[in-house]
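For reference, the structure discussed in these notes is given below.
The analysis underlying the following values was restricted to heavy atoms, covering all of them including side chains, and did not include hydrogens, waters or symmetry mates. Every chain is numbered from 1 and lettered A, B, ... according to where its sequence line falls, protein lines coming before strand lines.
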Amino acid sequence: MKLQLLCAGVLLSASSILAYDLDTKALSPVKHGSTPQHQNLQLVSGKKLQFAIVTDSRGEQHLTGSKARDKSIAPAVQALVKAFEHCTGQTPAVVEAEDAAALERHAYWIVVGDCAVARAQGVDWKAIPEQGFVIKTFPRGVLIVGHDTTLLPERESLSRGTLYGVYDFTERFLGVRYFYPGDIGTHWPQVSDFVVAPANYSDSPRFMNREGGYHLWLGVTKPEDLEKYGTLAGNVKKGDRSFGDPLRFGAKYLGSSHNPRPEDLARAFPDRLKTIFYTTADGKFFYNPKEHLGNLYNVVNLEFADLLIDVWKAAINGDEMIGAIPRKEFIGLGATRKTVTFGNCDTYQSAADIIGDPVVRELNLITPADEARPPNALMANVYARFYQYLCSRLEKELPGANLCILAYYNAEYAPVDPRFQKLPSNLLVNLCNGTVPKYITVPEYREAFQRQVKEWVASTGKPIHRLWLYDEYRNPFVRAVIGEYVGEVPKALGDDLGDGALFFDSGFQFPYYTSFYAAFRSMWNPDWDVEAGIAEHWPLFYGEKAGAYLAEFHRILKHDLMAVYHRLASRRVAIPSYPPALIDRLEELLKLAEAELTPDSIEMRRFRILAMPWADNFKVQRTCNAYQLPVHVATRLLPTETLVVDGDGSDPCWQRARPVRFIDPKGSGQEPRFPVDARLVWDDKGIYGLFKSPYPPVQGKSLWFNSSYEVFFMPGAKAEQNYQFAFDPEGNKYFGKRRYLPLPGPTDPNHKVPGWIQKNTVTNDGWTVEFFIPYAAFEEETPPKAYDTWRFNLVSNRLTPPAEVTGSALTLGNHHNIDMYGRIVFGGLGD
Amino acid sequence: MIRLLRSSVFGVLAAWLMLGAVLCADEVLRPVRYEAKLNPYVYKPAWYAWTRTDTVSNQFRSHTVTCMRWHATPEKLPKTEIRYGGQTGFTGLSPFLRLVVNDIPETKILLDDSRFTSWEEGDRRGFEIRMNFDGVFLRLRFYMRPDSPVLWAVLLPEPTSLTPMRRCELTFTALPSKLLKDQADKVLWSGKDVYQRSFQTNERRLTPEQRSTVLTPSETQIVFQDDINDGTGPDRGAGPCLLVLKHDGVAKAVAEPGNGWLSRVKVTLAPEFQAFHFGLFNPPVPIANQDFQRQLESQQPAFTWRGSKD
């Protein structure tokens, strides 16, 4: 252990002696080189700085304007200055390396970045691994030098090793800890004496891309977040991504997502929509001009691949126009000389929409063996054929370029069919498996994931390039700790995972800062001891007593509650009902912690940030625990009554029908602000509904962006299938169904409902809709008899600002959460 | 889940013992009382959407009928149950009365508090439940007379029904005398050596071996009893209980003794029935089978149905 104690001969104040451990488990492990031989370096003595920061600012001078934000050495110097200012109250001098006279005015130097001094000590930045750094002492000071491609006039990728090295130095030697943006999100130890013993270590990241900029931005942009948290945190600038530096964000490789964007391709090639977007055998055209969602690329047609090649060539060559639109209007195209990216649209293609395709049939692209695989593997051969062609064209047209594909939804699985199994060598995979990192420690999921990855490795002959990791957005108890599981993912995959990226799709939120911190620390080095790293910070941030309570709070979240969550993994329960005793204990621990804190202290402000959402989180849990499945009644139409579906709801039977009770489906327990009057009537032909909302709905967009209703029925005592009927004031509809028993199947988004009737009346005062669902919509299900009970859920999507989603069941953010569905009883005559 | 409403055990016992004496002595009988409670204390209240107890009592006996609506759960449908108090006899352990109208059981119908009303006529007092079986409207009335410890009841069809009644079947279920457990404290649900359920009517005895027997119209008093646990001692159970039937409107009544923990009498009503009268009685204290028979004979008027104008 390289615990450095003070030399006996130096007079020091015992209360501020800074002892550090280069191998502290709270930080990433580093690689030690041979230890230099020289005296300890007294960099700070009696609060007086004995050193200057030495740098050569000329190296990055060419980076001006918007390129200046790419610098490494300059911000590294600023970060070091800031650290010493906070820790010692003194501002270190910054001296140019070429200024020999200035250098000599200081006993010691902390050399930041490549310069003559560093080179004289034998440190060559180019020899350091990409994005890595070296920290090495010498008799006159400390060298912090990283691999900085910012020093190059032209670079292939951005590497800011020195910047990372400085942050590492401040953490490892000074004991600074950077957790979240703002004045109080960093722990600055107070230092009056600082002695550095001889040291020599280096580090570099496991993953070349650690992409957090957008997600950090999400957490520091919304006015409500800035007001709630930014005010407490102090000095949080709106949209400021600079905290990504201490978290060591970085990117070597091109990103990969759903690109090109369908809307850009459609605008660029309006006369080739049929080439770009898929048409089913029965004529359904998957092009949605209104929104990003609802499109499907035509991967069956190789002419679409040809079009993509043309687009990429135009982009790489810097053509002014791509098709009918300027190149600059393509957002996130993802095309460089080294890499082009292709991702399917963010829309799921159902089996019914591809199985009957003539090309698929002719080439036998979907075999019984494919149907026996997981649902997302059904189109593996279809995509493989497309990639094979695309890659062969790429090789000819853009030699040296790799194609990075998004293995997502229907493209998630590698082909195993011998005809397509071997994918080209210029293909890279960005795999999107929705079960990681949340289920990475659940054995059956871990093993399934490992198998899936091995299939890709076998197919491409190389490791997976990137992984897309998902958060559990709806469950704050998981959100608070999910980032701590990121490091398990590369451990599970070993050499099957390359160095591309772990893209953690989780927006930063101040109260769950430890999760975000842990994720990015783990991306840098998955062997970092996440438990030690998080455990260390509680007393630092909150004091010993409050810190102890919060450490237990965290332990319950990470261990006890995650155990409950993982036990339900086989059913993919996003929000379990946690044991009430644990919820009570969490609440108690927060109170105990708060009682130990001095009002208006920094610790209290930090506590307020951390504690802010938990009252509501506990409330949702208590609502869940108290939840009883609601029972609604559909009134039976009397033989003497008539019901005309005309959209005005004036038939007398509606007066007898009982309104459905709406709640906040997310469990706040609050009554809806914008009530809806929804009633159901039935007879031997089908089910009628009358829904009235007393406010004008949002219209003019597609279904999911207009105000709408969604009605779910699971007929019969066995409740084997869930039928979804979604509709809006303009008559846009979505009918879907999904089987759960006897074996679960994928959702069919193209369910047909012959005989559906919907009539709307929309005025400035509101929207009234009457509809009729014939029993034929439920296929082989027997029509209900009096007092039969079906599962039922009704959702009102009010999008008129302020938007409000209400429902008849506590589905906790997932309208398909069938375990929480209420029941609809088909009332008898006269009920 | 079910509680007997009792003023005090001693008081009931004393009244029971004094029943004959009071009736014979022509004393002034105190009026029947009725009380309803919505969502009273029940065992495991979290199981129910709502519960209701209706208690009818006089100086001799107190009867509580509990109606509950079970919550829907992921595994079970919501259901309605009507139960009667008691550890044995017409017991709270199993619904004492099942009513199936046009193949619709009472467990499925929609019942809520609004369908219960108090009732009184002359010196009789009690309550009614309005039931709807998909358009067949029925009233089930429970009441007491000041001179009888029996809980009397009548099922009445409503002329305003929307649907003709094709079939109506009632099943009276009782746990005669005792529920047995083995040495491991597990319930014994059946067994010839365990239960010898028999019926003693005012005309004959129906043995356990007779699986089911059609009752004659003159068999109006049906005593549910057990021949092993005959109530003759502290470990011989609580003794018998009584069902009084008036066969007007009855198409068929079948008694099912046997060797199970429960015994049943199934009554099928004629579709055109005008009123079906019955009565239920659990003795308040353990009593031997023979002693109960003597009680029925000596206090016959108290255990005989009487019209309101009689």
Side-chain angles (χ1 to χ4, degrees), chain A residues 568 571 573 576-577 580 622 624-641 653 656-658 661 682-684 714-719 740-741 784-793 808-811 817-831, chain B residues 39 42 44-51 67-82 98-116 129-140 156-168:
Chain A
L568 297 168
R571 288 168 44 217
V573 176
S577 282
R622 292 190 172 116
C624 283
N625 275 311
Y627 179 63
Q628 298 286 356
L629 302 180
V631 178
H632 310 282
V633 177
T635 300
R636 188 162 187 183
L637 199 63
L638 298 176
T640 51
E641 286 179 321
C653 62
R656 293 192 297 108
R658 303 186 198 190
R661 183 168 174 259
W682 72 285
D683 65 8
D684 55 6
M714 297 186 79
K718 290 183 186 172
Y740 288 86
L741 293 171
K785 300 190 294 296
Y787 310 115
D788 277 356
T789 302
W790 290 5
R791 293 196 191 192
F792 168 69
N793 183 28
S808 63
L810 188 68
T811 48
N817 189 352
I818 60 172
D819 287 341
M820 302 296 254
Y821 278 10
R823 303 294 185 261
I824 188 94
V825 176
F826 292 85
L829 288 169
D831 274 324
Chain B
N39 294 323
V42 290
K44 298 282 191 192
W47 289 351
Y48 309 105
W50 64 269
T51 57
C67 186
M68 59 258 284
R69 180 79 178 161
W70 291 74
H71 278 302
T73 69
E75 298 81 26
K76 294 183 183 170
L77 298 174
K79 69 174 178 179
T80 302
E81 278 188 350
I82 304 172
R98 278 263 131 94
L99 185 53
V100 180
V101 177
N102 290 354
D103 300 321
I104 300 170
E106 89 288 351
T107 53
K108 288 186 105 172
I109 66 172
L110 297 173
L111 264 190
D112 58 48
D113 196 47
S114 66
R115 294 183 187 248
F116 287 72
I129 309 171
R130 287 178 292 111
M131 298 173 149
N132 174 18
F133 292 81
D134 193 24
V136 176
F137 301 147
L138 297 170
R139 270 183 299 140
L140 177 59
L156 298 161
E158 288 284 310
T160 53
S161 290
L162 301 171
T163 305
M165 194 185 76
R166 299 183 314 275
R167 186 174 170 81
C168 179

Against chain B, label A:I818 side chain, backbone, both or neither, depending on which of its atoms sit under 4.5 Å from a heavy atom there.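 For A:I818, no heavy atom lies under 4.5 Å from chain B.
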Which atoms of A:D831 come close to chain B, meaning under 4.5 Å heavy atom to heavy atom: side chain ones, backbone ones, both, or neither?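 Interface part for A:D831: both.
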Passes side-chain contact (heavy atoms from CB on, under 4.5 Å), A:D788 versus B:K108? Steps please. CA-CA 8 Å; A:D788 277 356; B:K108 288 186 105 172; 3.3 Å; yes
Is it the backbone or the side chain of [X] that comes under 4.5 Å from a heavy atom of chain A, or both, or neither?
X      : value
B:T73  : backbone
B:P74  : both
B:F133 : backbone
B:I109 : both

What option among A:T789, A:L829, A:V631 has the most heavy-atom pairs under 4.5 Å with chain B? A:L829
Pairs of heavy atoms under 4.5 Å with chain A: top-ranked of B:V136, B:L162, B:T160, B:T163: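 Among the listed options, the one with the most contacts to chain A is B:L162.
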One thing to verify: whether B:D134 and A:K785 come together as a salt bridge, which I'm taking to mean a side-chain N less than 4.0 angstrom from a carboxylate O. no
Are B:L110 and A:R658 close enough, and set up right, to give a side-chain contact (heavy atoms from CB on, under 4.5 Å), and what steps lead you there? CA-CA 13 Å; B:L110 297 173; A:R658 303 186 198 190; 4.0 Å; yes
Is there a side-chain contact between A:Y787 and B:N132, using heavy atoms and a 4.5 Å cut-off?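 In short, these two side chains touch, coming nearer than 4.5 Å.
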Okay, side chain of A:R636, backbone of B:G135: is any donor-acceptor separation there less than 3.5 Å? no
Any side-chain to backbone donor/acceptor pair from A:Q628 onto B:A46? Under 3.5 Å, distance only.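 Indeed, once roles are kept as given, a pair shorter than 3.5 Å links the two residues.
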